[in-house]
Protein chains: 2
Amino acid sequence: MNIHDAMTLLKEKGYKTTGKRKEILDYFSHADGYRTAKDLIQFMEKSYEGISFDTIYRNLHLFCDMGILEATELKGEKHFRIACSHHHHHHFICSDCGKTKEINLCPMDELEGALPNYIIEDHKFEIYGVCPNCRNT
Amino acid sequence: MNIHDAMTLLKEKGYKTTGKRKEILDYFSHADGYRTAKDLIQFMEKSYEGISFDTIYRNLHLFCDMGILEATELKGEKHFRIACSHHHHHHFICSDCGKTKEINLCPMDELEGALPNYIIEDHKFEIYGVCPNCRNT
DNA sequence: TTTGTAAATAGGAATGATTCCGATTATGAA
DNA sequence: TTCATAATCGGAATCATTCCTATTTACAAA
């Protein structure tokens, strides 16, 4: 989802399109990987001195609830990235830079009927390591 | 790994075999699933009134480092269980009771050569939901 | 353009898990 | 039994995150 579509979606749902929200979406649309609340606030402070954590977290949660961002827990800290809405897939995540690479294999496809009587609500498949770029630095 | 082997391993590595450590291992060997530090301290307080979080966390980390326990992050809180050392596998984890069921399918087996030039350090595959027992309660 | 109101925000306090630290106690080798 | 070191306690500190209240802002309607 691009920034414009996201802002339109916000407006449709009755949320306001503030400059901070645009900037947050701009940040994540260029990030190409997972970022923390702290990463984000450090970026935002350049344009909005005095921005509060409340604003950061409130909007991160709003965007997650709307499906604009997606989150995962890494090293005891929540990390966020632009949601990949086009199709279901998983990620390799670089421990150095947070960048991700799509993995187009979902292990759930092969578990048809393997868990009878279980209610399956969610699953996580993530690969951790160092990407080629960070490897050569 | 059973309690006795774990205590022997502790001794071999120069750690002391205290009553609290035996009790912690006893707790996890009967838990059959993931438990938090708080779950553990609540259990320990029955036998050791006044036991501190320092002792809980210090030993949880020690046991993880030694491969006696393994940890995962669920709902923003670390969860621990007895390590499954016999063979590599993954888990279904019940959101209600924390109990796990082995999943003998590892998606990494099918990713041979799919990530050239990437250094793969770790991976996580977990399925979340409700187990048959909790479902009927 | 002005106004009214609900949403958004700042600033800071509160929370909850986890870690750290100095003083005390207990384990196990000699 | 003694002694050095590991283990523990109790509580303070830390860190991410959430909550609260007063103030500001976006934007719909006049």
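Remember, predicted model here, so these are calculated numbers, not experimental data.
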Quick one: label Arg58(B) by what it contacts on the DNA or RNA (base, sugar-phosphate, nothing), any heavy atom closer than 4.0 Å. base
From CD1 of Ile51(A) over to P of dG12(C), roughly how many Å is that when rounded to an integer? 16 Å
DNA chain D: Lys38(A) or Asp54(A), which has the more 5' nearest nucleotide? Lys38(A)
Measure the distance from OH on Tyr15(B) to P on dA29(C) and round it to the nearest whole Å. 16 Å
Distance check needed: dT27(C) P versus Met7(B) CE, whole Å only. 11 Å
Pairs satisfying side-chain hydrogen bond (donor to acceptor under 3.5 Å, both in side chains), at least one member in residues 128-137 of chain A, at least two apart: Glu126(A)-Tyr128(A)
Side chain of Lys20(A) - closest among dG28(C), dA10(C), dA8(C): dA10(C)
State which of dA10(C), dA17(C), dT18(C) makes the closest approach to the side chain of Lys78(B). dT18(C)
On the nucleotide dT19(C), are OP1 or OP2 found under 4.0 Å from the side-chain N or O atoms that His61(B) carries? yes
So what does Thr36(B) touch, heavy atoms closer than 4.0 Å: a base, only the sugar-phosphate, or nothing? nothing
Could you give the NZ-to-P distance, from Lys16(B) to dT25(C), as a whole number of Å? 15 Å
Can you check side-chain hydrogen bond (donor to acceptor under 3.5 Å, both in side chains) on Thr72(A) and Lys124(A), steps first, answer last? CA-CA 9 Å; Thr72(A) 195; Lys124(A) 177 183 271 199; 2.9 Å; yes
Hey, does the side chain of Tyr57(B) come within less than 4.0 Å of dT18(C)'s phosphate (OP1/OP2), counting only N and O? yes
Give me the ring orientation class for His87(A) and His89(A): parallel if the planes are under 30° apart, tilted from 30 to 60°, perpendicular past 60°. tilted
Let's go through Asp39(B) and Thr36(B) carefully: what are the C-alpha distance in whole Å and the side-chain angles of both, what is the deciding distance for side-chain hydrogen bond (donor to acceptor under 3.5 Å, both in side chains) to 0.1 Å, and is it a yes or a no? CA-CA 5 Å; Asp39(B) 291 336; Thr36(B) 64; 3.2 Å; yes
Backbone N or O of Asn59(A) within a donor-acceptor pair of the Arg21(A) side chain at under 3.5 Å? no
How do Asn59(A) and Thr18(B) order along DNA chain C: which one's closest nucleotide is nearer the 5' end? Asn59(A)
Atom CD of Glu77(B) and atom P of dT19(C) are separated, to the nearest Å, by 12 Å
Nucleotide range of DNA chain D contacted by chain B, 5' to 3', under 4.0 Å to a heavy atom? dT5(D) to dG10(D)
Nearest-0.5 Å distance, CG of residue Leu40(B) to OH of residue Tyr57(B): 9.5 Å
Among the candidates dT18(C), dC20(C), dT9(C), find the nucleotide nearest to the side-chain atoms of Phe53(B). dT18(C)
Which whole-number value in Å describes the distance from Asp39(B) CG to dA17(C) P? 11 Å
Heavy atoms from other residues, nucleotides or ligands near NE2 of His4(A) exceed 12 (cutoff 6.0 Å): no
Rounded to whole Å, the CZ-C1' distance (Phe80(B) to dA17(C)) equals 11 Å
When rounded to whole Å, the OH to P distance for the pair Tyr48(A) and dA10(C) reads 10 Å
Do His90(A) and His123(A) pass the side-chain hydrogen bond (donor to acceptor under 3.5 Å, both in side chains) test, and can you show the C-alpha distance, the side-chain angles, and the key distance before you say yes or no? CA-CA 10 Å; His90(A) 297 280; His123(A) 67 280; 3.3 Å; yes
So, does Ser52(A) get its side chain near the phosphate of dG11(C), meaning an N or O under 4.0 Å from OP1 or OP2? no
